[in-house]
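Along the sequence shown, residues carry numbers from 1.
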Amino acid sequence: MLHFLSSSSPLNPQFLLLPRQSARLRVLLSIPVSAMSSSSSSSSRGALAAAAVPSLSADEAGAAADEAFLRYTSPSMRRSGGGGVAIVWFRNDLRVLDNEAVVRAWAASDAVLPVYCVDPRISAGSTHYFGFPKTGALRAQFLIECLEDLKRNLTKQGLDLLIRHGKPEDILPSIAKAVTAHTVYAHQETCSEELLVEHLVRKGLEQVVIPQGGASNQKKPRNPKLQLIWGATLYHVDDLPFSVNNLPDVYTQFRKAVESKSSVRNCSKLPPSLGPPPGSGLDEIGGWGTVPTLESLGLSMTKAEKGMHFVGGESAALGRVHEYFWKKDQLKVYKKTRNGMLGPDYSTKFSPWLASGSLSPRYICEEVKRYEKQRIANDSTYWVLFELIWRDYFRFISAKYGNSIFHLGGPRNVESKWSQDQALFESWRDGRTGYPLIDANMKELLATGFMSNRGRQIVCSFLVRDMGIDWRMGAEWFETCLLDYDPASNYGNWTYGAGVGNDPREDRYFSIPKQAKTYDPDGEYVAYWLPELRSIAKERRNFPGASYIKQVVPLKFDGGHQKRDQQFNRQRRPVHMYRRQK
C-alpha cells in the first residue's frame, strides 16, 4: 500500500508517534497478557489455558498435509520443454499446494529457484499516517514459521528456498543474472505499495542482460521477464462477469453475479517433483541463506499464557482444515457458532493462513464440496464459501478504488470531522476504556494477534462512533497487530465500519450493552481476559460499575436508548459492517 496524504485531511503532527514512542510500542507488543492485568495470575484460576491452533500434534498436521499433497499430485505431469532457469518470487503466497506460479515456473524451465525477500520496508517499517510498527512481533513470528514450513515443503519437492534480506527490486535482478534466469514468476497484488514493488522489480530486470548460446549474430541477449499470476482469490479475476472497474458497489449484487455466472477454477495439480534447482550460480550469490529470527528483525516476544496460539505454515493450515472439517466435524455448525468470541472452534480460524498465502481459498472450497458429498450440505457449509466471497470482494474493491480505501474520506470521499486525541486512542489500544467488552477484545488482540469477527465489529464501532476517533488510527493499529492482516480486507472493513466505504448502506452502530447481553451473557469472555471481573456476579461482569476502571467516554447510545439505537440502524439499512475474518 502506497498511501498519499490529501490536502483536505492533513495529519496533526502532534499525534504522530515519534521513534521513541514506536520503540515503546514494540515493547508493548511483546508484553504477555498476564502482565497487562492489574490482578495476579491466581485470580484467573480455572480459566482456559492457551490453545494451539490447530491443536493437532506436529505429526498429525504433517500427516494431514502429506495426504493433501498426495491427492493433488499428478504422476503424468510433464515439463513443456521451455528449458533454462525460472525464479519463483514468493510474496503473500507462502504455499506449494495450488500455487500456480510454482507450477508454471516448473513447466517452463529445466530448473526452478524459489526466492523470498525479507523486505525491510515491511519487517521494520512504519504505518503511513501514524507511525505504528508495520509488522508486530506476533505476525513476524507467524511469518517466520510460514517460511520455515515452506522451506521444508519445497525440500520434499526437490527444491529449497533462497532467502535474502533486502528490497526485491535490488535482490531479484542480481539473482536472475547469477543463475541466468529467463523469467521471474510471482503472484499479482492489488494495493499500491505492492504494485510499486512489482514495477521496480520489472524495471530492474530490464537492466539485466542474459547472454544466449550460439553465435552472437544468431541469438540476441535477452532480459529476464516478470510474469505475474492471479492467485489470491476464490474467483479468478478473468472469470468475473464484469470488469473490475464495473464491479458492483454492493456486495450482494457482486455475490449473486459471480455465483450465477462464474465458476471457481480447480486447484492446480503438482508433479511428483518440482526439482531440480539451478546447478550453478548459487555460490556466487552466497548460497541459500537462512530463515530470519525475531532477534535478527529487532523484535522480541514473550509467549502468552492464554488465548490462541496460531502455528504458522502450510502444513499447519492444511492440518487446521482437516481438524475443523473432518476430525472435529465443526463445519456443519459453522453458521450457528461463528459469532462466538471464546475458544478456537467457534469459527474456522483460517484467516491467518489465507492472509499469508499458506492456504488457498480454492482448496478450502474443494474441501467444502468434498465434505458436502461425504457428510452433509447445509447453510453452514455454504456460509464458509459466502465469507470467502466477501474476502474476494474486498480484494477486487481495492483494485477498483485504489488508494482511496486508505484516505480519510474513503472511496466516496465522505467529509467528516474526526478526532486524533492520543490519550483516548491509547485507552482503546491498550484496553483501558472502562468498558469490559472493548477492553477484553483489545487485550486479546495484543496478546494473540487475533480477534473474533464479532469483537472487530464492536471495537471498530466504539472507536469511530462513541469516541469519534479517526478510523485510520484503528486500521493502522490492526495493521500492526493482526496475524491475518492484508491491506484489502483490513482497510476495506474499516472504511465500512467508519461509514466511508464504497457501499453507503454500510453504516452501523453497535450498542455495547446489547452486544454484551447477546454474545457474552454470562461474562465468560470478559472475565477470561480481565480476571479481576471473575469474582463479580456473572450478570454484572459486563456492567461492573465502580468495581472496574472509570469509563473514558459515554456511549452514544446506551442500554436505555435501545429504541433510538434500533432506529439509527434501520435508517441505514445495513447488511454487514465489519466483515469477518474467518
Side-chain angles (χ1 to χ4, degrees), residues 26 29-30 52-54 58-59 61-62 65 69 87-97 99 101-102 105 112-125 133-168 170-172 174-175 178-179 184-187 197 274-275 277-278 281-303 309-320 352-359 449 483-485:
R26 290 190 180 276
L29 286 169
S30 67
V53 184
D59 287 344
F69 272 85
I87 291 173
V88 178
W89 170 28
F90 281 95
R91 307 175 75 190
N92 298 310
D93 57 331
L94 304 181
R95 66 180 185 271
V96 177
L97 192 62
N99 189 323
V102 172
V112 177
L113 181 60
V115 178
Y116 182 83
C117 303
V118 183
D119 191 332
R121 293 167 295 196
I122 297 174
S123 62
K134 198 167 185 67
T135 303
L138 288 167
R139 185 163 78 249
Q141 178 59 36
F142 184 82
L143 292 174
I144 286 169
E145 293 171 11
C146 289
L147 291 175
E148 290 171 340
D149 189 71
L150 177 61
K151 190 176 181 72
R152 285 191 295 268
N153 285 342
L154 286 169
T155 301
K156 291 178 182 178
Q157 296 291 322
L159 293 173
D160 203 331
L161 180 64
L162 190 150
I163 297 174
R164 286 291 179 273
H165 292 255
K167 298 177 180 179
D170 297 331
I171 292 170
L172 291 168
S174 64
I175 292 176
V179 300
V184 175
Y185 291 87
H187 273 112
V197 174
L274 291 166
L282 291 178
D283 291 339
E284 179 183 336
I285 54 176
W288 289 100
T290 59
V291 175
T293 63
L294 276 183
E295 291 73 20
S296 70
L297 298 176
L299 299 170
S300 63
M301 184 180 70
T302 302
K303 185 177 180 181
H309 167 67
F310 287 81
V311 181
E314 181 178 21
S315 298
L318 297 173
R320 177 57 180 173
W353 297 291
L354 283 166
S356 65
S358 304
L359 182 62
L483 297 180
D484 59 26
Y485 170 76

Any chance you could lay out the side-chain contact (heavy atoms from CB on, under 4.5 Å) test for Leu282 and Leu113, step after step, and finish with the verdict? CA-CA 10 Å; Leu282 291 178; Leu113 181 60; 3.9 Å; yes
What do the steps show when you test Val112 against Val102 for side-chain contact (heavy atoms from CB on, under 4.5 Å), and what is the final call? CA-CA 8 Å; Val112 177; Val102 172; 5.8 Å; no
Which residue, Leu161, Val115, Leu147, forms the side chain to side chain contact (heavy atoms under 4.5 Å, CB included) with Phe90?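 Only one option passes, and that is Leu161.
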Give me the atom names and distance for the closest heavy-atom approach of [X] to [Y].
| X | Y | answer |
| --- | --- | --- |
| Pro114 | Trp288 | O-CZ3, 4.5 Å |
| Lys134 | Arg139 | O-NH2, 2.8 Å |
| Gly158 | Pro277 | O-CD, 3.4 Å |
| Asn153 | Val96 | CB-CG2, 4.1 Å |
| Pro168 | Arg121 | CD-NH2, 3.5 Å |
| Ser358 | Arg95 | O-CB, 3.6 Å |

Value rounded to 0.5 Å, distance of [atom1] in [X] from [atom2] in [Y]:
| X | Y | atom1 | atom2 | answer |
| --- | --- | --- | --- | --- |
| Asp160 | Thr155 | CG | OG1 | 4.5 Å |
| Trp89 | Leu162 | CH2 | CG | 14.5 Å |
| Thr290 | Lys151 | OG1 | NZ | 8.0 Å |
| Ile285 | Ser174 | CD1 | OG | 7.0 Å |
| Asp170 | Asp119 | CG | CG | 9.5 Å |
| Lys303 | Gln141 | NZ | CD | 11.0 Å |

So Leu318 and Leu359, side-chain contact (heavy atoms from CB on, under 4.5 Å) or not? Walk me through it. CA-CA 7 Å; Leu318 297 173; Leu359 182 62; 4.2 Å; yes
So, do [X] and [Y] sit near enough that their side-chain heavy atoms are less than 4.5 Å apart?
| X | Y | result |
| --- | --- | --- |
| Val291 | Tyr116 | no |
| Arg320 | Val53 | yes |
| Leu297 | Thr135 | no |
| Lys156 | Phe69 | no |

If we ignore hydrogens and angles and just use 3.5 Å, is the side chain of [X] paired with the main-chain N or O of [Y] as donor and acceptor?
| X | Y | value |
| --- | --- | --- |
| Asp149 | Glu314 | yes |
| Arg152 | Ser315 | no |
| Arg91 | His187 | yes |
| Asn99 | Asp93 | yes |

